[in-house]
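Right, one structure below, let's go through it.
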2 protein chains.
Amino acid sequence: MTQTKRADVHNSDVPVLCRSCEARHRGVCGALTPPQLLELAKHTAKTTIAAGSPIISDGDNIQRYANILNGVVKLAKLTSDGRQQIVGLQFAPDFLGRPFSERSEFDVEAATDVYVCSFPKDTLNRLAKQSPELEHRLHEQTLKELDEARDWMLALGRKSAAERVASFLHFIALHIHPEADDTKGAVQFDIPLTRSDMADFLGLTIETVSRQMTKLRQAHVIEIENNRTIAVADLSKLKQASETNRD
Amino acid sequence: MTQTKRADVHNSDVPVLCRSCEARHRGVCGALTPPQLLELAKHTAKTTIAAGSPIISDGDNIQRYANILNGVVKLAKLTSDGRQQIVGLQFAPDFLGRPFSERSEFDVEAATDVYVCSFPKDTLNRLAKQSPELEHRLHEQTLKELDEARDWMLALGRKSAAERVASFLHFIALHIHPEADDTKGAVQFDIPLTRSDMADFLGLTIETVSRQMTKLRQAHVIEIENNRTIAVADLSKLKQASETNRD
DNA sequence: CGACGCCTTGATCAACTTCAAATTTTGTGG
DNA sequence: CCACAAAATTTGAAGTTGATCAAGGCGTCG
């Protein structure tokens with residue numbers, strides 16, 4: 001009977017707070033057993049953060065980790081004289097925070113309105129010691145972030161402004177429509193960043209971003225419904241533009 | 001007595017192959033018990049790879065992982081039309097290979113002559129399942145690589161050519177002389193990359209790299225003994241140049 | 001309506017690339 | 001150890017890309 005109990009990973013044992021939470025399926029919480037979830041749920045707080053607000057500042061002592069339940073978060077670095085580079089974008093149900101480190105190496109800010117479920121570092125660290133599966137999930141996310149960071153290094157180091165903007169739109173399109181076929185098909189979506197954030201992500205100025213958006217529109221690769229809303233009739237054309245556009 | 005035996009993590013139980021190996025202290029092998037080391041050592045091969053030779057090609061099925069025992073390895077991505085970007089540099093005793101993935105997302109090449117200890121993926125994966133500490137070490141290395149990748153994103157996206165070259169030299173100087181004081185002090189070292197590799201790392205052309213090296217020499221920030229060998233009289237000047245040099 | 005924030009467009013300029021040698025360094029065979 | 005060829009690096013001149021500087025348009029919210 002204890003066996004039945006342990007095998008039952010279904011709703012009855014899962015904390016109410018967590019029942020409909022995406023992080024319990026695709027996020028790090030999926031590694032936790034119902035009792036562990038309960039332990040964590042005792043200390044969680046769900047919060048909304050307005051677009052543009054800081055979540056963690058560079059060098060802050062991070063007291064809490066969080067899961068993104070909704071919205072987009074940007075990770076930004078600053079040079080000593082104030083130039084900014086966005087070094088990562090995170091989406092639900094990503095884990096937010098740098099495990100095993102006291103300090104954040106960058107600013108964490110809400111790009112859109114963001115809804116997070118946060119919990120104390122200590123609690124998660126304790127659970128991570130009990131659960132290799134939890135560390136494994138964190139490791140998998142870190143590997144995914146590393147792959148993405150390296151993709152952007154290629155774009156920042158070697159792609160033209162036109163290619164970078166197309167790469168970015170392609171990246172966002174596939175994030176918002178994961179089911180879309182990379183090589184063909186039409187999608188519509190909202191860019192979760194302002195032109196200024198796009199510029200900071202792409203290592204360009206807002207003027208250059210704007211000009212390249214205009215060129216993509218004129219080349220009928222995208223339609224700009226309003227500043228944020230974009231329609232792509234054929235993703236393969238966007239992908240093409242992200243790899244070869246020296247104009 | 002079995003207790004004494006288990007507690008004894010000293011040389012007697014350690015495979016001969018591993019006794020003087022750096023990876024057993026600072027690398028991933030440090031997570032393994034003597035029996036686990038022995039298991040791994042049964043399948044290891046130590047190999048030398050000449051500078052410029054590929055270790056793993058983009059998209060290869062990786063059959064083996066490896067530890068770097070000596071030398072510098074570059075991780076490079078290519079655009080479809082052949083532009084190259086180096087997305088990471090690895091040094092002894094770094095672990096080489098992408099855990100939990102069949103394919104490499106980039107080319108892995110020896111930057112200098114490299115001496116590695118390689119072993120089959122399967123063996124390590126099996127050990128990783130037994131040993132949370134092993135996965136933890138791999139995770140820590142991934143986190144370190146991610147931090148470095150993001151530092152370079154800032155350089156690639158927002159720093160001038162002069163700043164990038166100075167940043168690179170500063171990075172290499174501290175890697176080769178970890179004991180050096182970041183803010184002052186003199187060091188001398190060999191750059192483990194050619195000008196061409198430096199360019200691919202910094203998202204510049206070899207001509208621009210060369211010109212910026214010349215400027216740093218003329219500004220008495222560095223002395224160029226020969227192409228590869230550099231002397232820095234005052235690291236703080238190099239650091240300064242890596243943050244503010246719009247010339 | 002007016003002000004403000006955000007985005008676009010235009011003109012000019014600087015940084016970096018490209019193309020083309022010249023020069024230095026390295027590796028090899030005698 | 002020297003001579004010579006090949007490779008790597010430096011240097012120069014001209015060309016491009018994207019940044020900077022400067023308006024102007026559009027939409028939203030009081």
Side-chain angles (χ1 to χ4, degrees), chain A residues 50-52 79 81-85 111-112 155-169 190-219 222-230 241 244-247, chain B residues 50-52 79 81-85 111-113 155-169 190-218 222-230 241 244-247:
Chain A
T79 61
D81 61 347
R83 286 167 278 169
Q84 185 168 191
Q85 176 67 42
T112 62
L156 292 171
R158 290 302 185 204
K159 289 190 182 178
S160 68
E163 291 167 329
R164 289 186 213 181
V165 171
S167 298
F168 172 75
L169 294 175
D190 265 32
I191 304 172
L193 303 187
T194 63
R195 294 287 183 277
S196 171
D197 282 340
M198 285 176 66
D200 284 345
F201 189 55
L202 297 173
L204 301 169
T205 59
I206 55 177
E207 293 94 331
T208 300
V209 171
S210 179
R211 280 185 249 271
Q212 297 303 336
M213 293 287 286
T214 302
K215 280 191 185 169
L216 285 172
R217 176 167 51 69
Q218 286 167 349
I222 62 174
E223 283 165 55
I224 303 180
E225 316 269 310
N226 65 46
N227 291 337
R228 290 292 191 108
T229 311
I230 300 291
T244 54
N245 249 313
R246 292 319 247 136
D247 321 341
Chain B
T79 61
D81 63 346
R83 285 167 277 169
Q84 184 167 194
Q85 175 67 41
T112 62
D113 289 347
L156 293 171
R158 291 301 186 203
K159 288 191 183 178
S160 68
E163 291 167 330
R164 290 186 214 181
V165 171
S167 298
F168 172 76
L169 294 175
D190 266 32
I191 304 172
L193 304 187
T194 63
R195 294 286 184 275
S196 171
D197 282 340
M198 285 176 66
D200 284 345
F201 188 56
L202 298 173
L204 301 168
T205 60
I206 57 175
E207 293 93 331
T208 300
V209 170
S210 178
R211 281 184 248 270
Q212 296 303 335
M213 293 285 286
T214 302
K215 280 193 185 168
L216 284 172
R217 176 167 50 70
Q218 286 168 348
I222 62 175
E223 283 166 55
I224 303 179
E225 315 270 309
N226 66 46
N227 292 335
R228 291 293 191 106
T229 310
I230 299 292
T244 53
N245 249 313
R246 294 315 250 142
D247 320 339

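Just so we're on the same page: letters track the sequence lines, and every chain starts at 1. From a predicted model like this one, the values you see are computed outputs, not experimental measurements.
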Enumerate all atom pairs, one protein N or O and one N or O from nucleotides 4-9 of chain C, separated by less than 3.5 Å.
from: C/dC7; atom 1: OP2; to: A/R195; atom 2: N; distance (Å): 3.3
from: C/dC7; atom 1: O3'; to: A/N227; atom 2: OD1; distance (Å): 3.3
from: C/dT8; atom 1: OP1; to: A/R195; atom 2: NH2; distance (Å): 3.3
from: C/dT8; atom 1: OP2; to: A/R195; atom 2: NE; distance (Å): 2.8
from: C/dT8; atom 1: OP2; to: A/S210; atom 2: OG; distance (Å): 2.8
from: C/dT8; atom 1: O5'; to: A/S210; atom 2: OG; distance (Å): 3.0
from: C/dT9; atom 1: OP2; to: A/T214; atom 2: OG1; distance (Å): 2.7

Please report, rounded to the nearest Å, how far the C1' atom of C/dT17 is from the CG atom of B/D200.
14 Å
CA sep, side-chain torsions, deciding dist, call: A/F168, A/V209, side-chain contact (heavy atoms from CB on, under 4.5 Å)
CA-CA 11 Å; A/F168 172 75; A/V209 171; over 6 Å; no
Rounded interatomic separation in angstrom, taking NZ from B/K159 and P from C/dA15:
18 Å
Starting at atom CZ of A/R158, determine the distance to atom C1' of C/dC16, rounded to an integer number of angstrom.
12 Å
Not counting sequence neighbours, which residues clear side-chain contact (heavy atoms from CB on, under 4.5 Å) with B/D190? List them please.
B/R228, B/T229
Distance, rounded to the nearest Å, where B/L204 contributes CG and D/dG18 contributes P
14 Å
From CA spacing to verdict: side-chain contact (heavy atoms from CB on, under 4.5 Å), B/Q212, B/M198:
CA-CA 12 Å; B/Q212 296 303 335; B/M198 285 176 66; over 6 Å; no
Just how far, in rounded Å, is C1' of C/dA14 from CD of B/E163?
15 Å
For A/N227, enumerate each residue passing the side-chain contact (heavy atoms from CB on, under 4.5 Å) test, keeping only those at least two apart in sequence or located in another chain.
A/R195
Quick check: closest heavy atoms across B/L156 and B/Q85, and the distance to 0.1 Å?
CD1-NE2, 3.8 Å
Using the C1' atoms of five pairs at each end, what's the angle between the two axes of the helix from C/dC1-D/dG30 to C/dG30-D/dC1, to 10 degrees?
40°
With sequence neighbours left out, the residues meeting side chain to side chain donor-acceptor pair (under 3.5 Å) with B/T112 are none
Quick one: list whatever passes side chain to side chain donor-acceptor pair (under 3.5 Å) with B/D200, sequence neighbours left out.
A/R158, B/Q84
Residue set satisfying side chain to side chain donor-acceptor pair (under 3.5 Å) with A/T208, at least two apart, ordered chain then number -> A/T205
Set of side chain to side chain donor-acceptor pair (under 3.5 Å) partners for A/S167, sequence neighbours left out
A/K159
From CD of B/E225 over to P of D/dT9, roughly how many Å is that when rounded to an integer?
16 Å
How is A/G52 classified with respect to the nucleic acid when contacts are heavy atoms under 4.0 Å: base, sugar-phosphate, or nothing?
nothing
What is the distance, to the nearest angstrom, from the CG atom on B/D190 to the C1' atom on D/dA8?
15 Å
Would one find a side-chain N or O of A/T205 under 4.0 angstrom from OP1 or OP2 of D/dA19?
yes
